[in-house]
Amino acid sequence: MPELPEVETSRRGIKPHILKQKVSKVIIRHKSLRWPIPTSMKKQLAGQVIEKVDRRGKYILLYTSAGTVILHLGMSGSLRILKESVTPEKHDHFDIVFGNNKILRLRDPRRFGAVLWTKKDPLHHKLLINLGPEPLSDAFTAQYLYEASRNRKVAIKAFLMNSNIVVGVGNIYANESLFSAGINPKRVASKISLISYQKLVPEIKTILKKSIEQGGTTLKDFINENGKPGYFQQTLCVYGRTAEPCLKCGHPIKQITQAQRSTFYCTNCQK
DNA sequence: ACTTCGACCTGTTGGC
DNA sequence: TGCCAACAGGTCGAAG
């Protein structure tokens, strides 16, 4: 499910319900996610107050004075806030119950997500320490991407999806931003000019921003017992549009596989 | 240091 | 209609 906009929408959605709230209980129903949910956090998190609800890349961070919960939604994870003890369903693996009777519940059918606990600075955690810049930050520039791509033989699309280069660009937005910038996803990262990166970087920022804005409009639906973060209504130009006409030129959209992921592009518009 | 690839899971979809 | 392979918004970690 989640690319960066959806993770950010989730963060914004849960924040007002749990910030400054005291944890009364932690429920682990199925601990085998990507990594086992540490049992130790049950005791350590209970009684703590959520001081900050942050995000780094696709990780959501719940800070307390005793430690930080690191959440990742994987491919199929979703978070919801429930007002009281609603009966959990099949894939509801993890709850944080708050003193205000609200529950933060993680659902994750494929269990590629993660719930971790760290007492140290979470940004120094093994999984976060090597992450690249946030795509919407000032640190993410064409110059940065250009320099980072020198001597990189990987295709630009895989390069963009490498979280050590830049966080938060998943399969959908890698495809979409390359289309908008007119860059063929198969091109080798090191052979792309600064000029092309100067087209690409603003496209990434614009597309992500727009998507986050649209996610914002769905926040109300997202936080309730029925709701899931719906798909944002953003028009996708290439993703999932195999053989359909390119929205710019009409040529059929081509689908290929790169790094074990589906790539969609227009052979006419993307050179 | 970089690249590739298998692995982790369940649910849905599309072709026969 | 039913079955089953293929595929799905991620990314780690081992091996080359």
Side-chain angles (χ1 to χ4, degrees), chain A residues 1-11 29-37 55-60 70-79 88-94 106-116 125-132 135 147-179 185-191 204 207-208 210-212 214-215 218 222 228-244 255-264:
Chain A
M1 257 194 208
E3 289 220 22
L4 183 96
E6 215 165 330
V7 176
E8 176 60 14
T9 297
S10 298
R11 185 191 71 82
R29 294 191 194 79
H30 194 144
K31 71 172 175 186
S32 59
L33 301 187
R34 173 117 202 220
W35 295 279
I37 301 177
R55 179 185 61 73
R56 176 72 178 101
K58 292 174 187 167
Y59 294 92
I60 291 174
I70 301 175
L71 295 173
H72 196 288
L73 301 178
M75 287 277 250
S76 59
S78 59
L79 293 170
E89 294 180 31
K90 191 173 178 186
H91 301 291
D92 292 339
H93 307 310
F94 176 79
L106 172 69
R107 177 173 298 179
D108 187 1
R110 291 179 74 180
R111 291 190 274 120
F112 288 174
V115 178
L116 300 170
H125 189 278
K126 187 184 175 188
L127 296 174
L128 282 78
I129 188 78
N130 290 315
L131 293 178
E147 283 170 17
S149 67
R150 296 308 90 183
N151 304 320
R152 292 295 197 124
K153 296 189 194 332
V154 286
I156 180 62
K157 191 206 169 206
F159 183 68
L160 280 184
M161 290 179 71
N162 180 345
S163 62
N164 295 147
I165 301 301
V166 57
V167 296
V169 181
N171 202 29
I172 292 178
Y173 296 110
N175 278 299
E176 293 296 315
S177 58
L178 287 167
F179 172 77
K186 293 199 286 192
R187 288 186 60 198
V188 171
S190 63
K191 294 194 172 169
I204 294 171
I207 289 170
L208 288 175
K210 196 183 289 180
S211 190
I212 289 170
Q214 287 179 350
T218 71
F222 160 61
K228 272 189 178 181
Y231 236 118
F232 305 145
Q233 310 93 323
Q234 194 165 28
T235 318
L236 298 177
C237 294
V238 288
Y239 183 84
R241 297 194 63 245
T242 311
E244 288 177 43
Q255 177 176 1
I256 61 172
T257 298
Q258 288 183 290
Q260 307 166 104
R261 310 300 298 276
S262 288
T263 294
F264 305 87

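Bear in mind that the values here come from a model prediction, so they are computed numbers and not experimental data.
With sequence neighbours excluded, the residues that form a side chain to side chain contact (heavy atoms under 4.5 Å, CB included) with A/Thr263 are A/Lys157, A/Asn175, A/Pro185, A/Ile256, A/Gln258, A/Tyr265. For A/Glu244, the side chain to side chain donor-acceptor pair (under 3.5 Å) partners at least two apart in sequence or on another chain are A/Arg241. With sequence neighbours excluded, no residue satisfies salt bridge (Lys or Arg N to Asp or Glu O under 4.0 Å) with A/Arg111. For A/Arg29, the salt bridge (Lys or Arg N to Asp or Glu O under 4.0 Å) criterion is met by A/Asp95, not counting sequence neighbours. A/His30 pairs by the ring-ring contact (aromatic ring centres under 6.0 Å, His included) definition with A/His93, not counting sequence neighbours. For A/Lys58, there are no side chain to side chain donor-acceptor pair (under 3.5 Å) partners, not counting sequence neighbours. Take A/Ser190 and apply the side chain to side chain donor-acceptor pair (under 3.5 Å) test, not counting sequence neighbours, and it matches no residue.
Rounded to whole Å, the distance from NE2 on A/His125 to P on C/dT11 is 15 Å. A straight line from NZ of A/Lys31 to P of B/dC8 spans 18 Å, rounded to a whole angstrom. The CD1 atom of A/Ile129 sits 18 Å away from the C1' atom of C/dT11 (whole-angstrom rounding). The separation between A/Ile256 atom CD1 and C/dA6 atom C1' is 18 Å, rounded to whole Å. Atom C1' of nucleotide C/dG10 and atom OH of A/Tyr239 are separated by 12 Å, given to the nearest angstrom. Here the C1' atom of nucleotide C/dA8 and the CE atom of A/Met161 are 12 Å apart, to the nearest Å. Counting to the nearest Å, the C1' atom of C/dA6 and the CZ atom of A/Arg261 are 15 Å from each other. One interatomic measurement links the two molecules: CG of A/Leu128 to C1' of C/dT11, which rounds to 13 Å at whole-angstrom precision.
A/Ser10 places a side-chain heavy atom less than 4.5 Å from the side chain of A/Leu73. Between A/Tyr59 and A/Leu71 there is no side-chain heavy-atom pair separated by less than 4.5 Å. Inter-residue side-chain proximity for A/Ile70 and A/Leu127 is flagged as unmet; no heavy-atom pair is nearer than 4.5 Å. Counting heavy atoms from C-beta on, the side chains of A/Lys31 and A/Val115 never come closer than 4.5 Å.
Listed here is the closest heavy atom pair of A/Arg55 and A/Val7: CD-CG1, 3.8 Å.
Nucleotides B/dA1 and C/dT11 have their P atoms positioned 23 Å apart, rounded to a whole Å. Rounded to whole Å, the P atom of C/dC7 lies 14 Å from the corresponding atom of B/dG6.
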Notebook entry, point to check: What string of B, S and - do you get for nucleotides 9-16 of chain B 5' to 3' if you count protein non-hydrogen atoms under 4.0 Å?
Noted result: BBS-----
Check: protein-nucleotides 1-4 of chain B nitrogen or oxygen pairs below 3.5 Å:
residue, atom, partner, partner atom, Å
B/dT3, OP1, A/Lys153, N, 2.7
B/dT3, OP1, A/Val154, N, 3.1
B/dT3, OP2, A/Arg152, NH1, 2.8

Can you check nucleotides 12-16 of chain C for protein contacts, nitrogen or oxygen pairs under 3.5 Å, and list what you find?
residue, atom, partner, partner atom, Å
C/dC12, OP1, A/Tyr59, OH, 3.1
C/dC12, O4', A/Arg34, NH1, 3.3
C/dC12, O4', A/Arg34, NH2, 2.6
C/dC12, O2, A/Arg34, NH2, 3.4

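Between the side chains of A/Ser211 and A/Tyr173, at least one donor N or O lies within less than 3.5 Å of an accepting N or O.
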Notebook entry, point to check: Where each pair must be Watson-Crick or G-U wobble with both distances under 3.5 Å, what dot-bracket representation of DNA chain C is obtained, with crossing pairs in [ ] and other-strand partners as |?
Noted result: .|||||||.|||||||
Side chains of residues 160-168 of chain A: which donor-acceptor pairs under 3.5 Å do they make with residues two or more places apart or in other chains?
residue, atom, partner, partner atom, Å
A/Asn162, OD1, A/Asn164, N, 2.8
A/Asn164, ND2, A/Asn130, O, 2.8

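The side chain of A/Gln260 sits closest to B/dG6 out of C/dG10, C/dA8, B/dG6.
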